[in-house]
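Below is one structure; the comments refer to it alone.
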Amino acid sequence: MISFYNTLTRKVEDFKPIEDCKVGMYSCGPTVYDFAHIGNFRANIFVDILKRSLKYFGYEIKHVMNLTDVDDRIIDISLKKEMTIQEYTKPYIEAFFEDLRTLRIQPADVFPKATEHIEDMINMIEALQKNSLTYDRSGSVYYKISNFKNYGELAGIKPEDLKDGARIDTDRYDKDNVQDFALWKAKKLDGEPCWESPFGCGRPGWHLECSAMSIKYLGETFDIHCGGEDLIFPHHQNEIAQSEGATGKRFVNYWLHCAHLQLDGEKMSKSLGNFYTLRDLVAKGYDPIALRYTLLATHYRSPLVFSFETVEQSAAAINRLRDFRRRLEREKPEGGDVNKSSEVLETADKGFNEKLSNDLNISGALGEVFTFVRNINGMLDDRELTEQGRIGALALLCKWDSILDVLKESERGAVDKEYVEEMIAKRIEARKEKNWHEADRIRNELLDDGIILEDTPQGTTWKKK
RNA sequence: GGCGGCGUAGCCAAGUGGUAAGGCAGAGGUCUGCAAAACCUUUAUUCGCCGGUUCAAUUCCGGCCGCCGCCUCCA
């Protein structure tokens with residue numbers, strides 16, 4: 001049984017999907033006005049680990065992630081650049097998908113765009129109007145939160161507490177109450193993109209798309225909704241108000257939120273300017289998979305302070321796993337301790353599953369992985385592992401990697417394998433003649449090309465640096 | 001002002017009312033022609049500080065200090 005911390009109840013709860021073995025989940029996607037930064041990708045990695053873990057435990061997933069391709073910033077910038085919003089956002093949508101691939105984040109099953117679901121949003125506004133949860137102001141439509149029961153429930157906030165000391169409301173639109181939010185924004189500027197609606201020409205408010213599109217693809221009530229913790233309030237609270245206000249049904253059963261990535265003592269964010277993009281890290285020579293490991297290795301609800309040192313440490317940890325796999329693939333043990341071999345496998349399998357199923361305790365699960373690596377390496381050294389055990393160990397490692405996805409090397413810099421093999425053959429000759437000088441020269445030459453040689457009992461092997 | 005979270009070795013990071021996983025880095029050793037990889041030993045009498053509850057607290061309670069977040073767009 002897998003359990004999750006549910007923001008709604010503030011407790012770790014056993015996960016029970018609406019339909020046995022099937023999970024509907026929605027995660028808030030990017031606003032595609034610029035490149036995403038690695039703080040954004042912490043949330044995406046979290047969702048990826050969540051999805052892969054659910055699959056690992058046998059669930060079938062339907063995952064929906066929105067692409068916000070219309071909002072104030074997108075409109076402002078595209079107007080300035082004299083582009084349509086589609087022209088302006090397209091490269092950033094493509095870059096986002098490319099970054100997901102680079103980080104091995106499995107794509108959602110559906111990536112609905114806000115601009116392609118205007119009608120669904122209009123329908124939702126009309127349902128809210130029928131339920132007396134809205135009011136109109138000069139062509140805009142607002143949600144009247146005082147008419148929704150339990151507003152603030154998700155964040156543990158009482159609406160009346162928001163007033164004291166709250167920061168200044170900067171919204172450009174006029175509302176009865178500063179906490180009310182726009183469902184429909186009337187067109188303000190010439191050339192601004194807008195859609196016809198019963199309320200006039202305009203465009204949807206930001207919160208609305210997630211309600212309309214999640215319900216469209218996942219139904220009025222679905223299992224999991226997730227994102228960064230900054231979305232808890234007001235975004236996710238507003239989604240609840242909209243969805244439940246329109247349908248009268250429970251919107252989402254489990255709300256999961258991940259903590260922020262920090263840099264320079266603050267949340268990494270675009271507006272603060274303290275961010276790196278994935279492209280920045282790759283340009284500095286870091287392996288994106290080392291970043292993947294960094295972002296997944298800390299529990300999702302703990303704050304994570306970004307540093308390049310941590311990324312380097314992650315790279316070293318990954319190397320240990322990759323070296324372990326290469327050793328398992330290379331060695332062909334004979335004999336061995338049958339009982340001990342199966343026992344070590346069983347303990348590790350069980351330990352990993354227990355840790356992971358407990359609110360995705362990935363750090364604990366990784367502890368099990370590395371303990372296993374040490375145990376098996378020691379058994380190989382002592383000739384205690386059986387061939388059966390070796391095959392089982394490899395299978396277990398691959399099973400874990402269905403979640404971690406760090407074993408495969410990043411595709412960067414092609415290697416001329418024939419040349420490497422040729423050099424290794426030459427070096428073997430030199431070593432036979434005990435010409436250590438020549439052997440070392442060849443090894444160093446390959447090292448300069450980024451190839452590391454290892455002399456094992458099974459012969460000389462190589463790997464990329 | 002309201003609400004929430006965090007503080008564990010040089011660095012990263014789990015965890016539990018019963019005496020501190022794991023990774024990285026460091027030191028010593030085994031193996032190796034030398035390396036690399038691997039293994040062994042070693043690195044927190046101690047879990048921000050101060051009290052309290054308890055036979056026993058890092059783990060529960062209270063206070064304090066430091067840091068972060070949300071209440072505005074935000075992963």
Side-chain angles (χ1 to χ4, degrees), chain A residues 7 10 27-31 36-47 71-73 152 155-171 178-179 206 226-235 237 257-262 265-272 293-294 297-299 301-305 307 309-321 323-324 326-327 351 355 358 361-374 376-382 431 434-437 439-440 443-444 447 452-457 460-463:
Chain A
T7 305
R10 283 150 205 273
S27 59
C28 288
T31 302
H37 59 71
I38 58 177
N40 300 129
F41 286 118
R42 182 185 192 191
N44 292 114
I45 291 277
F46 151 61
V47 173
D71 86 325
D72 289 354
R73 276 169 307 197
I157 288 170
K158 292 176 193 152
E160 57 267 31
D161 289 342
L162 289 175
K163 293 172 187 170
D164 254 12
R167 282 174 270 179
I168 301 153
D169 178 50
T170 55
D171 200 297
V178 287
Q179 300 142 46
W206 172 51
C226 45
E229 63 183 354
D230 51 353
L231 296 181
I232 295 171
F233 196 90
H235 183 55
Q237 178 60 65
H257 295 95
C258 71
H260 294 303
L261 187 65
Q262 291 179 26
E266 282 179 303
K267 173 174 90 165
M268 185 179 287
S269 78
K270 268 280 155 55
S271 49
L272 291 168
Y293 187 96
T294 301
T298 296
H299 186 77
R301 286 193 286 113
S302 296
L304 172 57
V305 177
S307 78
E309 189 185 353
T310 308
V311 179
E312 283 158 21
Q313 290 176 358
S314 297
I318 292 170
N319 275 337
R320 180 160 162 80
L321 295 176
D323 284 338
F324 177 62
R326 290 170 55 248
R327 183 176 188 188
K355 296 292 193 309
N358 179 18
N361 179 3
I362 193 85
S363 318
L366 284 169
E368 299 288 340
V369 170
F370 284 102
T371 300
F372 177 73
V373 170
R374 178 162 36 75
I376 295 292
N377 269 325
M379 287 174 71
L380 281 167
D381 286 352
D382 300 340
R431 292 186 73 210
K434 296 203 189 294
N435 185 351
W436 307 127
H437 183 79
D440 291 349
R443 187 167 62 197
N444 287 330
L447 187 61
I452 295 172
L453 294 191
E454 297 180 355
D455 298 323
T456 76
T460 300
T461 65
W462 62 275
K463 65 177 177 182

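Numbers restart at 1 for each chain; the letters A, B, ... are given by sequence-line order, proteins then strands.
Comparing B/U46 with B/A20, their P atoms are spaced 12 Å from each other, to the whole Å. B/G52 and B/C70 have their C1' atoms separated by 32 Å, with the value rounded to a whole Å. Spacing of P atoms, B/C12 relative to B/C31, comes out at 36 Å, to the nearest Å. The separation of B/G2 from B/C64, taken at their P atoms, amounts to 13 Å, rounded to a whole angstrom. B/C61 and B/A44 have their C1' atoms separated by 26 Å, given to the nearest Å. Taking atom C1' on both B/G51 and B/G69, the two are 29 Å apart, rounded to the nearest angstrom. Taking the P atom of each, B/A37 and B/A25 are spaced 9 Å apart, rounded to whole Å. On the P atoms, B/G7 is 23 Å away from B/C24, given to the nearest whole Å.
The residue A/Asp455 sits close to a base: some heavy atom pair falls under 4.0 Å. Base contact: A/Leu453 has a heavy atom under 4.0 Å from a base atom. When heavy atoms are screened at a 4.0 angstrom cut-off, A/Ala36 is found touching no nucleic acid atom at all. Residue contacts shown for A/Asp323 are limited to sugar-phosphate atoms, with no base heavy atom under 4.0 Å away. Residue-level contact check: A/Gly265 touches the backbone only, with heavy atoms under 4.0 Å from sugar-phosphate atoms and none from bases. Using a 4.0 Å heavy-atom distance criterion, A/Thr310 is classed as a sugar-phosphate-only contact. Within the nucleic acid shown, A/Glu454 comes within 4.0 Å of at least one base atom, counting heavy atoms only. When heavy atoms are screened at a 4.0 angstrom cut-off, A/Leu231 is found touching the sugar-phosphate backbone but no base atom. Nucleic acid contact for A/Gly227: sugar-phosphate only, since backbone atoms but no base atoms lie under 4.0 Å from a heavy atom of the residue. If you check every strand for non-hydrogen atoms under 4.0 Å, A/Asp230 touches a base. Note on A/Arg374: only backbone sugar-phosphate atoms sit closer than 4.0 angstrom, heavy atoms only; bases stay farther off. Within the nucleic acid shown, A/Lys267 comes within 4.0 Å of at least one base atom, counting heavy atoms only. Within 4.0 Å (heavy atoms only), A/Ser302 reaches sugar-phosphate atoms of the nucleic acid but no base atom. Note on A/Asn377: only backbone sugar-phosphate atoms sit closer than 4.0 angstrom, heavy atoms only; bases stay farther off.
Counting to the nearest Å, the C1' atom of B/G1 and the NZ atom of A/Lys158 are 14 Å from each other.
Side-chain proximity of A/Met268 to the nucleotides B/A75, B/G33, B/C68 is greatest for B/A75. Each of B/A75, B/G33, B/A38 was ranked by its minimum atom distance to the side chain of A/Asp381; first place goes to B/A38. The side chain of A/Ser271 sits closest to B/C73 out of B/A13, B/A75, B/C73. Between B/A21, B/G33, B/A75, one nucleotide has an atom nearer to the side chain of A/Ser363 than all others, and that is B/A21. The side chain of A/Arg73 has B/C73 as its nearest neighbour among B/C73, B/G23, B/A75. For A/Pro234, taking side-chain heavy atoms from C-beta onward, the closest of the listed nucleotides B/C73, B/A75, B/G4 is B/C73. Listed nucleotides: B/G69, B/A75, B/G33. Nearest to the side chain of A/Glu266: B/G69. Side chain of A/Lys463, nearest nucleotide from B/A37, B/A13, B/A75: B/A37. For A/Asp440, whose side chain is taken as the heavy atoms from C-beta onward, the closest listed nucleotide among B/A75, B/G33, B/C11 is B/G33. With B/C70, B/C11, B/C34 as the candidates, the nucleotide lying closest to the side chain of A/Phe233 is B/C70.
Between A/Tyr293 and A/Phe41, it is A/Tyr293 whose nearest contact on RNA chain B lies nearer the 5' terminus. Take the nearest nucleotide of RNA chain B for A/Phe370 and for A/Ala297: the residue whose nucleotide is more 5' is A/Ala297.
Using N1 to N3 plus N6-O4 or O6-N4 for Watson-Crick, or N1-O2 and O6-N3 for G-U wobble, each under 3.5 Å, B/G1 pairs with B/C71. Judged by Watson-Crick or G-U wobble contacts below 3.5 Å, the nucleotide B/C31 has no partner. In this structure, B/C6 forms a base pair with B/G66, meeting either the Watson-Crick or the G-U wobble geometry with both donor-acceptor distances under 3.5 Å. Pairing for B/G51 goes to B/C61, judged as Watson-Crick or G-U wobble with the two contacts each under 3.5 Å.
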(Q) Working note: A/Thr460 + A/Asp455, criterion side-chain hydrogen bond (donor to acceptor under 3.5 Å, both in side chains); need CA distance, chi angles, decisive distance, verdict. (A) CA-CA 4 Å; A/Thr460 300; A/Asp455 298 323; 2.9 Å; yes
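The side chain of A/Thr298 contributes an N or O atom lying less than 4.0 Å from OP1 or OP2 of B/A13.
Donor-acceptor pairing under 3.5 Å is lacking for the side chains of A/His299 and A/Ser363.
With rounding to the nearest 0.5 angstrom, the CD atom of A/Glu454 is 5.5 Å from the CG atom of A/Asp323. Of the inter-residue distances, the one linking A/Ile157 atom CD1 with A/Phe233 atom CZ reads 4.5 Å to the nearest 0.5 angstrom.
Side-chain contact between A/Leu321 and A/Val369: present, with at least one pair of heavy atoms (C-beta onward) separated by less than 4.5 Å.
Panel note: side chain A/Glu229, backbone A/Ala259; no donor-acceptor pair is recorded below 3.5 Å. Within the 3.5 Å criterion, the main-chain N or O of A/Arg431 finds no donor-acceptor partner in the side chain of A/Asn435.
Judged by distance alone, with hydrogens and angles left aside, A/Arg320 brings no side-chain donor or acceptor close enough to the base of B/C24 to form a pair under 3.5 Å. Within 3.5 Å, no donor on the side chain of A/Arg42 pairs with an acceptor on the base of B/A75, nor the reverse. Within 3.5 Å, a donor on the side chain of A/Gln313 pairs with an acceptor on the base of B/G23, or the reverse.
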